[in-house]
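Here is the structure we will look at.
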Number of protein chains: 2
Amino acid sequence: MPSKLFVSAQEVAERAGVSRSAVSRTFTPGASVSADTRRRVLEAAEALGYHVNHLARGLMRNESGIVCLIVSDVATPYRSALLRELTIQLQNAGKVAMFVNTDRSDGSVDRALQQAIRYRADASIILSGLPDKSITQLCLRSGQRLVLINRDDDQPGTLKINLDDYESGGRIATAFVRAGCRTLAFANSEARTPSLMGRERGFIAAAETLGLEVVVERYGSTGYEAGRVLAQRMLTRAERPDGVFCATDLLACGFMDAARHQFGLSIPDQLCVAGFDDIEQASWSSFDLTTFAQPVTAIASQAVKWLAGGREDEPEEAHSITLKAELIWRGSIRKG
Amino acid sequence: MPSKLFVSAQEVAERAGVSRSAVSRTFTPGASVSADTRRRVLEAAEALGYHVNHLARGLMRNESGIVCLIVSDVATPYRSALLRELTIQLQNAGKVAMFVNTDRSDGSVDRALQQAIRYRADASIILSGLPDKSITQLCLRSGQRLVLINRDDDQPGTLKINLDDYESGGRIATAFVRAGCRTLAFANSEARTPSLMGRERGFIAAAETLGLEVVVERYGSTGYEAGRVLAQRMLTRAERPDGVFCATDLLACGFMDAARHQFGLSIPDQLCVAGFDDIEQASWSSFDLTTFAQPVTAIASQAVKWLAGGREDEPEEAHSITLKAELIWRGSIRKG
DNA sequence: GTTCGTTTTGCACGCGCTTGCAAATATGCC
DNA sequence: GGCATATTTGCAAGCGCGTGCAAAACGAAC
């Protein structure tokens with residue numbers, strides 16, 4: 001076990017010739033310290049390399065400054081982009097991000113939240129999976145703030161941030177029809193999360209209104225490989241679709257690659273494709289994918305505002321925010 | 001300010017009808033508690049939703065369990081893959097990852113390390129940038145472990161993990177020559193980090209040995225857009241290169257896209273390309289890129305082993321580990 | 001039942017910090 | 001200078017926990 005090596009406020013106090021309280025107050029904004037002692041304390045602290053122990057401070061203040069991010073598949077483009085935005089904005093708000101990786105196993109998210117409790121995180125942001133009700137209750141009861149992003153669960157006291165998935169599905173259906181597509185299809189993962197299903201339902205509903213039926217295929221995860229498989233399944237059908245909405249950009253990339261390289265199809269002439277997320281690769285000229293942009297900056301700022309912001313406002317009321325996904329028009333759909 | 005809401009060991013003790021020490025000991029592996037009291041404590045803890053306060057525990061044990069990850073550009077494929085591996089392995093080792101995002105501004109890494117000190121992190125892993133010597137000194141003096149990944153700095157007491165960049169450059173030069181390439185080029189970022197420069201120097205040296213000269217161009221960051229610009233510069237030269245080693249996969253993707261879609265070149269027939277990192281996109285059929293795989297799993301496990309492992313072994317000795325990047329052969333280079 | 005050795009248990013202290021309170025010091029005004 | 005008021009300062013308590021130490025409980029052997 002490492003011995004006590006970090007320099008403490010005590011040592012700074014001795015060197016500066018003041019009391020330990022004075023040191024503490026110097027590093028507490030708004031506390032009452034004279035300019036002179038403050039200067040002496042700062043000098044001593046600088047010389048000794050003193051930094052306030054946030055563990056101890058958190059103990060006293062009952063506020064650790066830690067925010068726990070709970071995520072799976074962090075290596076995925078959309079996830080890592082959101083994570084980046086979140087950590088940056090948390091830092092700007094004076095918080096620090098703690099990171100817990102989850103997998104698909106049972107109770108993985110619950111264990112992550114327990115970790116958040118152990119470190120007395122001020123808040124947790126859940127990007128993947130859905131925790132058990134009992135444990136979110138415990139979090140809330142413990143005064144922890146909870147943000148659920150793209151999760152659909154009714155937990156009073158939490159902040160839910162969602163997109164207009166259903167409407168987006170509708171908008172892209174219209175775009176396909178305008179481009180002259182006759183046979184629409186929806187390529188989905190079998191994960192059946194609320195956001196994915198929202199896109200699917202919105203797409204189907206709008207297509208029906210426009211007098212078209214939609215072929216739906218669901219397979220695997222939301223990644224590139226699944227997109228390839230979905231293309232193989234869909235493009236070998238008797239009636240080959242000519243307008244495909246993929247539930248995510250990664251699916252779309254896989255789909256396009258298979259369509260072009262295995263089936264020799266030309267996009268957008270013979271096949272129109274759209275995705276969702278606007279990951280960086282969507283803008284690459286190999287894909288040039290029309291897609292919906294996740295408003296990651298807005299998502300992050302809403303989340304951070306809620307959890308860093310006012311303490312007492314409306315603690316009981318279930319907050320829910322719906323943000324708009326912007327349609328980014330590129331070359332994978334013919335101009336109407 | 002939130003009031004005290006988290007349940008404490010005291011409350012558990014009262015409910016279980018034992019002393020607070022008994023509670024503490026129940027959650028301390030190897031401590032002396034009878035089976036009976038342990039059971040009663042666990043029951044009470046479960047009922048109350050008690051979780052040990054790691055902030056307070058860290059204070060006592062002088063070991064927070066926190067490991068600080070210092071990264072910039074986390075949304076980048078290679079970075080997020082490494083991050084994923086690190087967080088997973090840290091979790092398995094019973095540590096928790098704290099995340100600090102840096103930018104390119106001066107002192108950004110230093111501020112990140114200060115954050116690590118404030119939270120009394122047991123260790124910090126630096127993936128980007130290079131901290132000031134004075135602050136790494138402070139970290140080490142405070143008993144913090146330091147891991148530098150792909151940074152080249154001589155800091156005694158830290159663990160450095162690097163790749164055989166120079167040798168990789170040599171290996172790929174040989175491959176190009178075997179594929180019949182006559183005009184070699186190296187597409188680099190202007191970041192001039194040790195790893196990037198190592199690849200460049202190794203490539204040039206090997207090419208010279210093989211009797212070929214190398215055109216070097218450096219521009220921008222290590223991303224896709226820079227790759228496009230580099231392609232524009234290189235492919236308009238009087239003597240157009242037919243074998244290009246790009247310092248990263250993202251550069252290679254941009255380079256290939258520009259080569260194909262702007263210059264109408266066919267890969268690998270008219271142009272051979274290689275990259276470095278083996279990001280997921282390298283395996284996509286649009287790129288099918290021959291590249292070197294970063295051994296992210298090995299990097300992470302070495303890092304975690306060092307910082308979680310033995311405390312007293314060789315604290316002074318500067319450790320340095322060089323791992324081998326495996327050449328992943330795909331279709332962007334002709335078979336020799 | 002007594003003795004001795006072995007757990008088990010509770011007490012009390014301290015980790016590094018914040019903060020209410022009262023004493024000490026500075027400031028303003030006549 | 002004298003007084004009232006405002007500011008600064010140190011003391012001490014306490015945040016939730018781990019742990020050394022001695023007392024208590026237990027178990028075995030006679």
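First the proteins, then the strands, lettered A, B, ... as listed; each starts at 1.
Across C:dT19, D:dG10, D:dC17, the shortest atom-to-atom separation from the side chain of A:V18 is found for D:dG10. Taking only side-chain atoms of A:S34, from C-beta outward, the nucleotide of C:dC15, C:dT8, D:dT8 with the closest atom is D:dT8. Checked against C:dG16, D:dA12, C:dG10, the side chain of A:S21 finds its nearest nucleotide in D:dA12. Minimum atom distance to the side chain of B:T28 is reached by D:dG18, of the listed C:dG10, D:dA12, D:dG18. Of the candidates D:dG16, C:dT19, C:dT9, C:dT19 carries the atom nearest the A:R61 side chain, counting heavy atoms from C-beta on.
For C:dT18, one of the phosphate oxygens OP1 or OP2 lies less than 4.0 angstrom from a side-chain nitrogen or oxygen of A:R57. At the phosphate of D:dT19, neither OP1 nor OP2 sits under 4.0 Å from any side-chain N or O atom of B:S24. Between A:Y119 and D:dG16 there is no side-chain polar atom (N or O) within less than 4.0 angstrom of OP1 or OP2.
Taking 4.0 Å as the cut-off between side-chain N and carboxylate O, A:E43 and A:R39 count as a salt-bridged pair. With respect to A:R145 and A:D122, no salt bridge is recorded, no charged nitrogen being found less than 4.0 Å from a carboxylate O. Using a cut-off of 4.0 Å between Lys/Arg side-chain N and Asp/Glu carboxylate O, A:R104 and A:D73 are scored as salt-bridged.
Between B:L55 atom CG and C:dT18 atom C1' the separation is 14 Å, expressed in whole Å. One atom, CZ of B:R38, and another, C1' of C:dT7, lie 14 Å apart when rounded to the nearest Å. Atom CG in A:N62 sits about 7 Å away from atom P in D:dG16, given to the nearest Å. The distance between atom CE of B:M60 and atom C1' of D:dG18, rounded to the nearest whole Å, is 4 Å. Between the CG atom of A:L5 and the C1' atom of C:dG16 there is a distance of 15 Å, given to the nearest Å. A straight line from CZ of B:R40 to P of C:dT8 spans 14 Å, rounded to a whole angstrom. The nearest whole Å value for the distance from the CD atom in B:E11 to the C1' atom in D:dC17 is 14 Å. As rounded to whole Å, 15 Å separates atom C1' of D:dG16 from atom CG of B:L48.
Residue side chain B:R20 reaches the base of D:dG18 through a donor-acceptor N/O pair under 3.5 Å, judged by distance alone. At a cut-off of 3.5 angstrom, counting only N and O atoms as typed in the model, there is a donor on one side and an acceptor on the other between the side-chain of A:R25 and the base of D:dG10. Side-chain atoms of A:S19 and base atoms of D:dC11 include no donor and acceptor less than 3.5 Å apart.
Considering CD of B:Q10 and CZ of B:R15, their distance stands at 14.5 Å, rounded to 0.5 Å.
A:V23 comes within 4.0 angstrom of nothing in the nucleic acid, heavy atoms only. Within the 4.0 angstrom heavy-atom criterion, no nucleotide atom of any strand lies near A:F27. Backbone-only engagement by B:S8 is indicated by non-hydrogen atom pairs under 4.0 Å involving sugar-phosphate atoms exclusively.
Here the shortest heavy-atom pairing between A:I66 and B:Y119 reads CG1-CE2, 3.8 Å.
Between the side chain of A:T37 and the backbone N or O of A:V33, no donor-acceptor pair lies under 3.5 Å.
Nearest-nucleotide mapping onto DNA chain C: of B:A35 and A:A9, the residue sitting toward the 5' end is B:A35.
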